[in-house]
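Any value given below was found using the heavy atoms of this structure, including those in side chains, with hydrogens, waters and symmetry copies removed. This one's a predicted model, so the numbers in the text were calculated from it and none came from an experiment. Below, read A as the first sequence line, B as the second, and so on, with proteins coming before strands; counting in each chain starts at 1.
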2 protein chains.
Amino acid sequence: MTHVSSRQKITIKDVARKADCGIATASRVLNRSGPTSAEARRRVEEAARELGFSFSAIGRALQSSRSMTIGCLVPSLANPVFAEAVQGVQEALSKTGYQLLIASSNYDGEADCAAISTLLDKGVEGLVLTMVAPERSAALDRARARGIPLSLMFHDPIDGLPTAHVDNFEAAREVARRFADLGHRRTAFLALRFSSSDRSRNRYTGFCDACRACGLPDPALIELSEAEANTPELLATLLGKLDGLTAIFASNDFLAIAVQKAVRLRGKKVPQDLSVVGFDGIEIGRLLDVPLATIETAPDAIGRQAAQTLLDLIQGKDCAQQPPLPFNFRAGATLAPPRPEFRDDDQGATWPPSVHSLETDLKQG
Amino acid sequence: MTHVSSRQKITIKDVARKADCGIATASRVLNRSGPTSAEARRRVEEAARELGFSFSAIGRALQSSRSMTIGCLVPSLANPVFAEAVQGVQEALSKTGYQLLIASSNYDGEADCAAISTLLDKGVEGLVLTMVAPERSAALDRARARGIPLSLMFHDPIDGLPTAHVDNFEAAREVARRFADLGHRRTAFLALRFSSSDRSRNRYTGFCDACRACGLPDPALIELSEAEANTPELLATLLGKLDGLTAIFASNDFLAIAVQKAVRLRGKKVPQDLSVVGFDGIEIGRLLDVPLATIETAPDAIGRQAAQTLLDLIQGKDCAQQPPLPFNFRAGATLAPPRPEFRDDDQGATWPPSVHSLETDLKQG
DNA sequence: CATCCGTGTGAAAACGTTTCCACACGTCTG
DNA sequence: CAGACGTGTGGAAACGTTTTCACACGGATG
């Protein structure tokens with residue numbers, strides 16, 4: 001039944017020799033391509049089975065220039081949103097025989113250029129990308145020049161590249177409207193790596209846009225360092241400086257939960273003293289003591305759509321840009337009206353405070 | 001500067017022709033292997049630059065049978081623990097020029113066999129695996145027979161295969177001891193996909209072992225279906241049936257947080273009415289209203305260690321099994337002594353209730 | 001009986017590399 | 001000056017496939 005551990009790789013030549021036929025015939029039988037006699041089929045199949053033969057994808061790729069591999073680049077798999085998206089890509093691909101070659105950039109623009117090059121050299125037939133700066137990336141241009149099918153994830157449409165995304169701008173507007181409806185006026189937008197993420201930026205601009213449309217003053221923009229995001233104490237002192245703030249929109253759920261913690265540290269309460277809304281819709285948000293209000297998205301669906309688009313592209317269909325995937329505002333107890341005394345007060349310090357002074361304050365503190 | 005979009009792939013032949021030299025020379029220059037004249041170097045390098053040449057990894061792999069690719073199989077990237085581990089593998093590998101080909105099994109033993117075969121066919125030079133059933137997997141045997149370097153993640157040592165793991169058994173014992181020290185007697189162990197995860201099983205046996213050693217009755221074993229895990233209401237009714245239970249050990253943090261939610265749903269409090277300890281040490285646990293007590297592990301470190309071991313193996317060092325990676329009990333407010341009236345009471349129903357009856361109850365409910 | 005066709009077959013080219021080998025130069029040694 | 005040696009060099013083989021091409025064989029058609 002099982003076979004001796006032949007350290008040496010078995011090739012189709014071995015099969016052909018054992019079946020006493022030409023390589024071409026063996027190939028035809030094993031691939032069910034081209035005509036073969038019943039007798040030849042029998043002999044080849046037996047030989048292949050006995051030898052435990054299986055094709056070398058490398059030889060095959062070289063000859064046919066089809067590697068059956070697609071490349072995927074995300075900033076980091078440590079971020080569950082990206083990990084889920086990759087899982088989605090994986091699922092869509094696994095039914096088709098394609099394999100996934102992955103790379104992560106760690107939010108470094110240089111690194112993701114380099115990664116794309118390496119993937120290209122490996123002969124991937126297509127690329128699913130979430131980049132740091134897709135607007136101008138030399139590697140991306142190289143890929144397009146080579147005619148490699150491309151599909152983006154999470155990015156808003158750029159340059160005619162197909163992308164699977166939710167409409168960050170619209171989603172953020174919805175949050176602003178909810179704040180306005182409840183009577184909030186002094187709001188803030190909280191982001192990590194703001195400058196290196198077009199997703200965060202689009203959420204911010206959408207948020208600002210709708211604030212204006214609703215007659216609210218501009219939101220304060222708070223850009224956190226990693227240290228601040230991971231240390232609720234730092235976040236707490238930072239929040240303390242935002243006088244009169246009643247509602248905060250965090251650009252992901254993890255930050256939103258950190259804000260809740262920071263508020264508790266200051267002896268205040270969510271939502272009475274501060275309303276919080278997150279983004280992403282992670283499952284744990286539901287299970288919290290005060291369930292998190294957030295924008296639900298489905299990263300796995302993004303991955304699946306991106307993969308499907310890529311497959312279509314590879315097959316030559318030139319598919320139009322898909323509409324954005326739906327998002328859903330999930331109500332949660334972290335969002336409520338502000339305390340009455342905070343309604344309609346535009347007295348006191350101007351709003352929003354300048355971001356610059358905030359940062360300076362923080363560095364001093 | 002940039003070049004026309006030559007749809008056609010540029011090979012080393014083109015470079016050689018343009019530099020007016022043989023292929024061998026071009027190869028030697030570009031690889032800095034073997035001797036070359038200054039003049040040849042100049043011409044080849046210029047030609048390569050002008051043509052925008054880069055090597056085809058496929059051609060290279062075929063010739064040298066070094067694919068510079070390693071395969072990685074995990075149950076699912078939707079589980080942040082595995083995703084982080086893969087990120088760790090990635091990091092360790094990226095410094096070495098290896099690329100990662102990934103596959104996920106969705107907790108299906110058949111699928112992970114198939115995936116290993118595909119990876120093998122793609123010519124991976126090594127495999128980093130977290131499997132459903134590593135004890136006996138045909139594909140795994142094939143890999144060993146072929147002499148492909150293997151390294152496992154999360155599994156306890158089996159069969160002489162190197163593995164990067166934390167000592168699940170020991171970690172679980174520590175939890176039992178903490179329970180005992182605080183005066184808990186009636187405990188339970190909560191797991192998802194218990195039967196298909198040796199990790200959960202080892203935690204359970206360790207937990208049982210230490211319970212006995214501390215003179216506690218055996219813990220109740222609660223094996224959840226996906227539906228129960230995701231629906232706090234179901235979990236709540238389930239908990240209601242466990243009379244006298246004062247402490248529960250969940251085999252991951254997500255379950256532990258779900259338990260907290262379920263307890264709240266029943267109008268009870270953690271830790272006063274039920275102590276909860278999780279496993280994994282996810283960051284969010286710290287930020288909860290009642291911070292989660294848990295066993296901290298470092299999945300990325302597991303990934304890095306597994307990758308490093310594999311690299312060593314590939315380079316022919318036969319490295320001994322590494323000791324388990326350290327875990328750390330993280331104290332948290334979800335763990336406290338039981339209410340006094342529950343101390344030392346072995347009256348009432350026998351403990352543990354039979355798992356079977358529990359399940360039946362649930363199906364009826 | 002000469003042709004034509006369809007079926008099954010195997011040799012060989014091609015895919016892009018690396019590396020072995022042989023060879024053509026010089027320069028040094030005896 | 002004959003030989004040995006070192007340095008660059010390019011042709012060609014090899015890696016494992018797929019596919020083109022030519023051919024051989026038999027049966028049907030003129």
> Pairs under 3.5 angstrom only: tabulate donor-acceptor contacts from the side chains of residues 75-85 of chain A to other protein residues two or more places apart or in another chain.
residue: A:S76; atom: OG; partner: A:A78; partner atom: N; Å: 2.9
residue: A:N79; atom: OD1; partner: A:V81; partner atom: N; Å: 2.9

> Should B:R60 be listed as having a side-chain N or O under 4.0 Å from OP1 or OP2 of C:dG16?
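No, because none of the side-chain N or O atoms of B:R60 sits under 4.0 Å from OP1 or OP2 of C:dG16.
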> Write down the distance between CD (B:Q63) and C1' (C:dC15), rounded to a whole number of angstrom.
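My rounded result for the distance is 13 Å.
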> Has A:S33 got a side-chain N or O lying under 4.0 Å from the OP1 or OP2 atom of D:dT18?
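No.
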> Nearest-Å distance, CZ (A:F53) to P (D:dG16)?
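Going from CZ in A:F53 over to P in D:dG16 covers 10 Å.
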> Using the closest heavy atom to pick a nucleotide of DNA chain D for each, name whichever of A:I58 or B:A24 lands nearer the 5' end.
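Residue closer to the 5' terminus by nearest nucleotide: B:A24.
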> What's B:S67 touching, base or sugar-phosphate or nothing? Going by heavy atoms closer than 4.0 Å.
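Contact class for B:S67: none.
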> Keeping to residues at least two apart or across chains, list the salt bridge (charged side-chain N to carboxylate O under 4.0 Å, His left out) pairs with something in residues 52-79 of chain A.
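Listed by first then second residue: A:R66-A:E125.
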> Calculate the interatomic distance between B:F55 atom CZ and C:dT17 atom P; express it in whole Å.
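In whole Å, C:dT17 P lies 6 Å from B:F55 CZ.
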> Inspect the contact between B:D14 and B:K18 and indicate whether a charged nitrogen and a carboxylate oxygen are less than 4.0 angstrom apart.
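No, no charged N to carboxylate O under 4.0 Å.
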> If we ignore angles and hydrogens, is there a donor and acceptor under 3.5 Å between the side chains of B:K9 and B:S56?
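B:K9 vs B:S56: no donor-acceptor pair found between side chains.
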> Which part of the nucleic acid, if any, lies within reach of A:T11 when heavy atoms closer than 4.0 Å are counted: base, sugar-phosphate only, or nothing?
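Touches sugar-phosphate only.
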> In terms of heavy-atom contacts, does CD of B:E135 have more than 12 from other residues, nucleotides or ligands at under 6.0 Å?
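Yes, enclosed.
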> Separation of A:K13 atom NZ from C:dA11 atom P, in whole Å?
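Between P of C:dA11 and NZ of A:K13: 12 Å.
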> Could you check whether B:S27 gets within reach of a base, just the sugar-phosphate, or nothing at all, counting any heavy atom under 4.0 Å?
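If one applies the 4.0 Å heavy-atom cut-off, B:S27 turns out to touch a base.
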> Of all of residues 16-23 of chain B, which get a heavy atom below 4.0 angstrom from DNA chain D, listed by number?
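Here the set is B:C21, B:G22.
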> Checking side-chain polar atoms at under 3.5 Å, does B:T36 have a donor or acceptor matched by the opposite partner on B:R28?
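B:T36 vs B:R28: no donor-acceptor pair found between side chains.
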> Using a cut-off of strictly less than 4.0 Å, decide whether B:T25 has a side-chain nitrogen or oxygen near OP1 or OP2 of D:dG10.
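For D:dG10, OP1 or OP2 has a side-chain N or O of B:T25 closer than 4.0 Å.
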> What distance do A:L93 atom CG and A:R304 atom CZ have between them, rounded to the nearest 0.5 Å?
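Result: 12.5 Å between the selected atoms.
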> Does A:R28 have a side-chain nitrogen or oxygen under 4.0 Å from the phosphate oxygens OP1 or OP2 of C:dG8?
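Indeed not, no polar side-chain atom of A:R28 lies that close.
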> Take the protein atom CZ of B:R66 and the nucleotide atom P of C:dT17, then report the distance between them rounded to whole Å.
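Distance check: B:R66 CZ to C:dT17 P gives 17 Å.
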> Give one of base, sugar-phosphate or nothing for B:A40, where a contact means two heavy atoms less than 4.0 Å apart.
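Sugar-phosphate contact only.
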> Could you tell me the separation between the CE atom of B:M68 and the P atom of C:dT17, rounded to a whole number of Å?
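Distance check: B:M68 CE to C:dT17 P gives 16 Å.
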> Salt-bridge test for A:E39 and A:R42: reply yes if a basic N is under 4.0 Å from a carboxylate O, no otherwise.
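Judged by the 4.0 Å cut-off on N to carboxylate O distance, A:E39 and A:R42 do form a salt bridge.
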> Quick one: the side chain of A:R41 and the base of C:dG8, do they pair up donor-acceptor inside 3.5 Å?
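By the distance-only test, no, there is no pair.
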> Which part of the nucleic acid does A:T36 contact within heavy-atom distance under 4.0 Å: base, sugar-phosphate only, or nothing?
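Answer is sugar-phosphate: A:T36 comes under 4.0 Å of backbone atoms only.
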> How long is the line joining NZ of A:K122 and P of C:dT17, in whole Å?
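Rounded to whole Å, this separation is 14 Å.
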> Using atom CG of A:L62 as one end and atom C1' of C:dC15 as the other, report the distance to the nearest whole Å.
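Value for this atom pair: 4 Å.
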